J.: 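I'd like to ask you about the structure that follows.
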Amino acid sequence: MISKRFSKDEIIAQFHDGQTIMTGGFAYHGSPDLLIECVLESGARHLTNIALDVSASKLMLTGRFDKMIISHAGQVKENLDAVSSGDFEVEFCPMGTLAERIRAGGVGVGGILVKTGFGTVAEKGKEIIEFQGEKYILESALTADIALVKATTADYYGNLTYNGTNLNSNPIIAQAADKTIVQVDRIVPIGEIPPEGCTTPGIFVDMILDPEL
């Protein structure tokens with residue numbers, strides 16, 4: 001039987017210096033906290049983080065990031081101080097644009113054309129494309145070495161379901177990385193998730209954290 005269940009130690013071994021890591025969640029809802037702890041325990045540094053916000057603050061505040069690509073820094077003073085400290089590079093991107101850049105990376109599109117930010121500082125250094133008489137900013141697609149995903153249910157093959165706010169960025173980042181690692185509330189045998197109930201097909205999932213292994 002195919003099984004993508006792995007122990008905590010096996011998942012810790014996946015993280016290395018210099019990787020680009022996408023993390024799911026927004027305002028700490030749908031954040032893969034156990035997987036973030038695995039990154040911490042791995043000792044990996046000089047990481048680039050792509051996320052909607054600073055839900056991976058444990059990594060940020062311990063100096064693991066050289067760069068963050070985010071849309072929102074939140075309202076927690078400690079996080080705001082870290083983002084504005086200059087200790088690491090921060091690229092802010094409008095949330096809808098960021099989500100679409102991740103989606104584009106997951107489906108193999110090289111970039112997207114957007115009007116958001118046109119005529120503002122957001123267009124600085126970016127290519128402007130004229131199409132059908134309209135001008136757009138060309139935003140590059142985003143991919144990562146590893147995506148850390150929080151889902152509700154997984155079967156042994158990695159088919160995933162999500163409830164509530166777990167649906168924020170988790171489904172799109174699951175498709176946009178070379179390796180997708182998942183934290184779930186429940187693992188079930190293959191066949192228990194009906195095809196129409198599957199949000200992320202298992203073909204996109206490489207590893208599932210199983211705390212019982």
Side-chain angles (χ1 to χ4, degrees), residues 4 6-95 97-99 101-103 105-106 139-151 165-166 168-184 204-211 213:
K4 297 180 181 179
F6 290 85
S7 69
K8 180 180 178 180
D9 288 342
E10 289 174 307
I11 286 176
I12 289 173
Q14 306 306 307
F15 303 107
H16 309 287
D17 290 355
Q19 290 174 321
T20 296
I21 296 179
M22 288 184 180
T23 50
F26 182 74
Y28 299 102
H29 296 286
S31 178
D33 296 330
L34 297 180
L35 296 178
I36 288 171
E37 290 289 344
C38 289
V39 181
L40 279 171
E41 292 187 34
S42 75
R45 293 185 174 274
H46 305 296
L47 305 172
T48 295
N49 179 230
I50 301 172
L52 293 186
D53 69 352
V54 293
S55 288
S57 59
K58 282 188 177 180
L59 296 172
M60 177 182 69
L61 296 173
T62 51
R64 302 305 181 91
F65 295 152
D66 282 0
K67 180 176 181 178
M68 296 186 76
I69 302 175
I70 56 174
S71 66
H72 183 62
Q75 298 180 356
V76 178
K77 185 179 185 302
E78 188 177 24
N79 293 344
L80 291 171
D81 289 345
V83 168
S84 61
S85 68
D87 293 338
F88 51 90
E89 181 182 353
V90 180
E91 176 186 336
F92 280 104
C93 180
M95 190 175 297
T97 300
L98 180 56
R101 291 174 71 187
I102 295 169
R103 188 203 65 80
E139 295 275 8
S140 60
L142 293 172
T143 58
D145 298 304
I146 297 179
L148 305 183
V149 171
K150 174 66 169 67
T165 51
N166 283 352
N168 45 44
S169 62
N170 284 296
I172 57 171
I173 72 166
Q175 300 184 33
D178 294 336
K179 181 175 292 182
T180 295
I181 305 176
V182 182
Q183 170 189 332
V184 294
F204 294 111
V205 173
D206 298 284
M207 305 178 78
I208 304 164
L209 172 62
D210 189 339
L213 293 181

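Since the structure is predicted, the reported quantities are computational estimates derived from the model, not experimental observations.
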J.: Test of understanding: with side chain to side chain donor-acceptor pair (under 3.5 Å), list the residues that count as partners of Ser7, not counting sequence neighbours.
T.: Glu10
J.: Check whether Asn79 reaches the backbone of Val54 with its side chain - one donor and one acceptor, N or O, closer than 3.5 Å.
T.: no
J.: Partners of Asp145 by side-chain contact (heavy atoms from CB on, under 4.5 Å), sequence neighbours excluded?
T.: Gln19, Thr20, Asp178
J.: Please name all residues satisfying side-chain contact (heavy atoms from CB on, under 4.5 Å) with Ala177, sequence neighbours left out, ordered by chain then number.
T.: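 So Ala177 forms a side-chain contact (heavy atoms from CB on, under 4.5 Å) with Ala144, Ala147, Thr180.
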J.: Name all pairs fulfilling the ring pair (Phe, Tyr, Trp, His ring centres under 6.0 Å) condition that reach into residues 27-66, sequence neighbours left out, sorted by first residue then second.
T.: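 Qualifying pairs: none.
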J.: Residues in side chain to side chain donor-acceptor pair (under 3.5 Å) with Gln175, at least two apart?
T.: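 By the side chain to side chain donor-acceptor pair (under 3.5 Å) rule, Gln175 matches no residue at all.
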J.: According to salt bridge (Lys or Arg N to Asp or Glu O under 4.0 Å), who are the partners of Arg101, at least two apart in sequence or on a separate chain?
T.: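 Per chain and number, Arg101 pairs via salt bridge (Lys or Arg N to Asp or Glu O under 4.0 Å) with Glu91, Glu139.
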J.: Taking only residues two or more places apart in sequence or in another chain, which ones pass side chain to side chain donor-acceptor pair (under 3.5 Å) with Glu78?
T.: none
J.: Go through the structure and list residues passing side chain to side chain donor-acceptor pair (under 3.5 Å) with Ser169, not counting sequence neighbours.
T.: none
J.: Looking at residues at least two apart in the chain, or sitting in another chain, which of them share a salt bridge (Lys or Arg N to Asp or Glu O under 4.0 Å) with Glu89?
T.: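 Glu89 satisfies salt bridge (Lys or Arg N to Asp or Glu O under 4.0 Å) with Lys67 only.
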J.: Go through the structure and list residues passing side-chain contact (heavy atoms from CB on, under 4.5 Å) with Lys8, not counting sequence neighbours.
T.: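 Only Ile12, Cys38, Glu41, Leu209 meet the side-chain contact (heavy atoms from CB on, under 4.5 Å) criterion with Lys8.
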J.: Only counting residues at least two apart or in another chain, list the ones meeting salt bridge (Lys or Arg N to Asp or Glu O under 4.0 Å) with Asp81.
T.: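 Asp81 satisfies salt bridge (Lys or Arg N to Asp or Glu O under 4.0 Å) with Lys77 once adjacent residues are dropped.
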J.: Among residues at least two apart in sequence or on other chains, which ones pass side-chain contact (heavy atoms from CB on, under 4.5 Å) with Asp87?
T.: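 In terms of side-chain contact (heavy atoms from CB on, under 4.5 Å), with neighbours along the sequence ignored, Asp87 is linked to Ser85.
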